[in-house]
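To keep things clear, I will list the structure first and then write my remarks on it.
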Amino acid sequence: MKALGLDWDEGPDIGGPYGPYTQSERFDIYPKYVQELLDKGYAYECFCTPEELEAEKQQAAENKKPYVYTKKCENLTEEEKAKLRSEGRKPAIRFNIAKAQKAFHDSSMLYFDDLVKGQLHMNTDLLGDFVIMKSNGSPTYNFAVVIDDMLMNITHVIRGEDHISNTFKQILIFEALGAEVPKFGHLGMILAPDRSKLSKRHGATAVSEFVEKGYLTEALINFVALLGWSPSDGQEIKSVNEIANDFRINEISSSNSIFEYDKLNWMNSHYIKMLDIEDLKTRLKPYLTKYNLSELTDAQYTRMVEVTKEPLTLLSDITDAVPYFFGTDVDIEAKAQTEVLDTEIAQDVLNEFLKQAESWEFSEENLHEKLEAFRAQYKEKGIKPKVTMWAIRAAVTGRTCGADMTAILAILGKDKTLYRIKKAIK
RNA sequence: GCUCCCAUCGUCUAGAGGCCUAGGACAACACCCUUUCACGGUGUAGACGGGGAUUCGAAUUCCCCUGGGAGUACCA
């Protein structure tokens, strides 16, 4: 959330009235509620060993029966418990599903209204009495979240649909504790392009990785917001605030969605283009460290960014887009050499350019005029303007494509330009 | 295996019985613009998974099948 520039009202780092907010600092508040459940009869001690449990599961698998805990510790007598304890066994505490279900519902069916999926149901007989406190005294997830939500007055729980089955367990605990059950909303999962879980294999998975690669937080937020939701006005480009204002939880689609980079990339380049130039200059700096930025005046740097920002998909693309703005010499790409510089026309153009440009003033306005006239001369000889410019571009930038030539020449200045032209002449 | 969730163009989605000859965005393709690349503009192609049922009428309701996803821990 920090990487995306999102903030929160209450929680770790900033505190709030219901702290502590760090799980490890809350350990001593859970036993009290475990005891309450024990006292009310909604929980019981279980002395089963991992081996015994494993055997039960195996048995169930052999009989092709779904596994649910057998509840064999549910009705242990005090003597039996004492005996087990004397053997050095430490009990875990299990939640008594059936007891809670029966106390608050007519049948073994548990229903709740999900904010995005509508009414959901589950036969709680199939759930199995789960552990709420491990034998080492630490609470399990399903129990701890309920206590935390209850104590922190949580009203809405919005999470992935992989939590649906936990919800039934959690609701029963809320009820057993006499607490108010919060509203739940379960979102579809975001899948990788091959429909599997998103993972390292599919590229970046942590928000910070996207940011490092040069995705703008604005684009990231906007794109993810559109996964499973669409704005009522059809306007897809939206700021966080606009999204927040327009957002309605019941407009969320309940199906899974696939994370494809195409639209994210498009959106990112869109946001890059929209960025204020000074802002963009600042954001681009981390990707230009391999160049000596002090070679350029601030005005030149501004101009360079202006003419190279168009095709950028990621901020990091700037690195490969601008090498020819720096240094005296330039690397010539193979394609530029063989397909352009090695041709007769190109050599002719370069010689002629060298002759004429000696007397030019290298301001952008002037260059624009001069180049136009220069192209016209060749056009008369039947050489396409495109070809004329190619020769100059290849010699000066070492490439066959790139930013606006007038701007490039103006930024480089007469000396570097003519130097590179000379070097390209055979 | 069992349980639950989901199902419209390649992708994200609009669509809550007639407004749908199914709309938009990204990607693709074509053309235009152009000093290259790109931006931009204009177009083209592209989907209701299958089968039943209800109805005068179904992408929209119901059932079955199929497909995909998730859960099934003394993990969170």
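Just so it is clear, the model here is predicted, and its values are computed rather than measured.
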Scan residues 265-280 of chain A for pairs that pass salt bridge (charged side-chain N to carboxylate O under 4.0 Å, His left out), counting only residues two or more places apart or in two chains. A/Glu278-A/Lys281, A/Asp279-A/Arg283
Interatomic distance at P, B/G23 relative to B/G15, whole Å: 15 Å
With sugar-phosphate meaning primed atoms plus P, OP1 and OP2, does A/Leu120 contact a base, only sugar-phosphate, or nothing at under 4.0 Å between heavy atoms? sugar-phosphate
Nearest-Å distance, CZ (A/Phe184) to C1' (B/C4)? 16 Å
Using Watson-Crick geometry (N1-N3 plus N6-O4 or O6-N4) or G-U wobble (N1-O2, O6-N3), each under 3.5 Å, B/U54 is paired with none
Taking protein heavy atoms under 4.0 Å as touching, what does nucleotides 27-50 of chain B look like 5' to 3' if B marks base contact, S marks sugar-phosphate-only contact and - marks none? S-------BBBSS-----------
May I ask you to test the A/Val330-A/Arg399 pair for a side-chain heavy-atom distance under 4.5 Å? no
Treating primed atoms plus P, OP1 and OP2 as sugar-phosphate and everything else as base, which nucleotides of nucleotides 67-76 of chain B get B, S or - for protein heavy atoms under 4.0 Å? --SSS--BSB
Is the Lys NZ or Arg CZ of A/Lys169 less than 6.0 Å from the centre of A/Phe130's six-membered ring, within 45° of the axis? yes
Give me the distance, rounded to whole Å, that separates B/U55 from B/U61 when you measure between the C1' atoms they each carry. 10 Å
Using atom C1' of each nucleotide, how far apart are B/A47 and B/C12 to the nearest Å? 13 Å
Just the rounded figure in Å: distance from P of B/U11 to CE of A/Met267. 18 Å
Identify the nucleotide, in any strand shown, that forms a Watson-Crick or G-U wobble pair with B/G67, with both distances under 3.5 Å; if there is none, say none. B/C6
Report, as yes or no, whether the 6.0 Å neighbourhood of atom CD on A/Glu380 holds more than 12 heavy atoms from other residues, nucleotides or ligands. no
Gap in Å between the two C1' atoms, one belonging to B/C48 and one to B/G10, rounded: 16 Å
Once you apply a heavy-atom cut-off of 4.0 Å, does A/Gly160 come out as touching a base, just sugar-phosphate, or nothing? nothing
Roughly, in whole Å, what's the span from OH in A/Tyr261 to C1' in B/C12? 15 Å
Base partner of B/C19, which must satisfy Watson-Crick or wobble distances under 3.5 Å: none
For a 4.5 angstrom cut-off between non-hydrogen side-chain atoms, does A/Leu76 reach A/Tyr44? no
Separation of atom OH in A/Tyr271 from atom C1' in B/C26, rounded to whole Å: 14 Å
Across all strands shown, which nucleotide pairs with B/C37 by Watson-Crick or G-U wobble geometry, both distances under 3.5 Å? none
When both hydrogen-bonding distances must be under 3.5 Å and the geometry is Watson-Crick or G-U wobble, what is B/U72 paired with, if anything? B/G1
Residue pair A/Trp229/A/Lys117 against RNA chain B: nearer the 5' end by closest nucleotide is A/Lys117
Under a 3.5 Å threshold, yes or no: a donor from one side chain and an acceptor from the other, between A/Tyr21 and A/Glu10? yes
Syn-anti status, with the boundary at 90° from 0, for the nucleotide B/C39: syn
Check the distance between B/C12's P and A/Leu227's CG and give it to me in whole angstrom. 8 Å
In whole Å, I'd like the distance from the CD atom of A/Gln119 to the C1' atom of B/C4. 14 Å
C1' atoms of B/A45 and B/C6, separation to the nearest Å: 29 Å
Base paired to B/A47 (Watson-Crick or G-U; both N/O distances under 3.5 angstrom): none
Across all strands shown, which nucleotide pairs with B/A59 by Watson-Crick or G-U wobble geometry, both distances under 3.5 Å? none
In whole angstrom, give the distance that lies between atom CD1 of A/Ile258 and atom P of B/C9. 10 Å
Between A/Glu236 and A/Phe223, is there a side-chain heavy-atom distance shorter than 4.5 Å? no
Atom-pair distance (NZ on A/Lys65; C1' on B/U3), nearest Å: 16 Å
Should A/His105 and A/Glu175 count as side-chain neighbours, where that means a heavy-atom distance under 4.5 Å? yes
Same-atom distance (C1') from B/A38 to B/C75, integer angstrom: 50 Å
Answer for the Watson-Crick or wobble partner of B/U11, both distances under 3.5 Å, is B/A25
Rounded distance in Å between the C1' positions of B/C9 and B/A25: 12 Å
Under 6.0 Å from the ring centre and within 45 degrees of the ring axis: does the NZ or CZ of A/Lys40 meet both conditions for the six-membered ring of A/Tyr42? no
We want to know whether A/Asp329 and A/Tyr419 form a side-chain donor-acceptor pair, criterion being a heavy-atom distance below 3.5 angstrom. yes
Can you find a side-chain donor-acceptor pair between A/Tyr215 and A/Asn265 that sits under 3.5 Å? yes
Rounded to whole angstrom, note down the P distance from B/G49 over to B/U60. 8 Å
Non-hydrogen side-chain atoms of A/Thr343 and A/Asp348 separated by less than 4.5 Å: no
Candidate nucleotides B/C2, B/A25, B/C4, ranked by approach to the side chain of A/Pro66 - the nearest: B/C2
Any side-chain N or O of A/His121 below 4.0 angstrom from OP1/OP2 of B/C5? yes
